[in-house]
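Please read the structure below before turning to the comments.
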Amino acid sequence: MSHFRLAPLALSLLAALAASAHADEVSVAVAANFTAPMQKIAEEFEKDSGHKAMLSFGATGKFYAQINNGAPFGILLAADDTTPAKLAQEGKAVAGSRFTYAIGQLVLWSKQTGYVDDKGAVLKTGDYRHIAIANPKLAPYGLAAMETLKNLGLTDQVSPKVVQGENIGQTYQFAASGNAQLGFVALSQVMEDGKLREGSAWIIPSSMHEPIRQDAIILNTAKDSAAAKALMDYLKADKARAIIKSYGYAF
């Protein structure tokens, strides 16, 4: 009798072991601007594939330094296209795996409703004390913000008011907390399901700065990882692209 009670348990244990043998996990370095969509994508990816994506968020420039120092990331989802290209050129990543997973949108944002107009005139006329911008040496969104100010001829006027975030995540916090009345942030940080969550914003015309092409690449530590390959395929598929689009990214 006990033999028959144990059999289903033994079978379910064997099934679980077989599933875990095929399941894999990959460590992913994710540009801070892509935090919200990637959290959703990782959840769906695990449900659909059984693989797990372990996420770390930060500035692309910092991730580059960490990868050079041996950090065991398997995939980099960068905020630019130059860092993945550089890693491939340096032999630290799988060159053929690189692709553009999203094109980022820069936005001038205030937590205050009605404060930012649709032409960005507030930059010239507003009574703001501080404006948050990500470090342009580390964060592509910060570089795009500085290019925008230059194109508007406002660099000298605005620069004394700048508070610098280490990455776009910290930059958003400065603006969201009210410590900075304005912030150049990623549209994905203030938009959900195609709508502005709160406050007021001016979406910066793409002609004001170089395109923010965000590339993904598999790093050498994960060149044989089933989870890494599956995640890269997943990012190109319809479900992930619908999530990415809902946060204001283009392709």
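Source: prediction; values computed, not measured. Numbers here simply count residues along the sequence, with the first being 1. These values consider heavy atoms only, across backbone and side chains, with no hydrogens, waters or symmetry-generated copies.
- Using a 4.5 Å cut-off on side-chain heavy atoms (C-beta onward), L87 and L219 make contact.
- Ionic pairing of D48 and K239 is present here: one or more N-O contacts between side-chain nitrogen and carboxylate oxygen are shorter than 4.0 angstrom.
- In terms of modelled atom types and a separation under 3.5 Å, the side chain of Q181 and the main chain of H130 share a donor-acceptor contact.
- Residues Y141 and F184 place their aromatic rings such that the two centres sit no closer than 6.0 Å.
- Relative to the six-membered ring of Y101, K236 misses at least one condition, a distance below 6.0 Å or an angle of at most 45° to the axis.
- A donor-acceptor pair under 3.5 Å is formed between the side chain of E147 and the backbone N or O of E210.
- Side-chain atoms of S159 do not come within 3.5 Å of backbone N or O of D156 as any donor-acceptor pair.
- Proximity of a side-chain donor or acceptor of W202 to a complementary backbone N or O of D118 within less than 3.5 Å is detected.
- With ring centers used as reference points, Y128 lies 6.0 Å or more from Y115.
- Side-chain atoms of T100 never come within 3.5 Å of backbone atoms of A102 as a donor-acceptor pair (strictly under, hydrogens ignored).
- For the pair F57 and Q39, the minimum side-chain heavy-atom distance is below 4.5 Å.
- Side-chain atoms of S97 do not come within 3.5 Å of backbone N or O of I217 as any donor-acceptor pair.
- Every residue was checked against the side-chain hydrogen bond (donor to acceptor under 3.5 Å, both in side chains) condition with K119, not counting sequence neighbours, and none meets it.
- E44 and K47 are joined by a salt bridge, as a carboxylate oxygen and a charged side-chain nitrogen come within less than 4.0 angstrom of each other.
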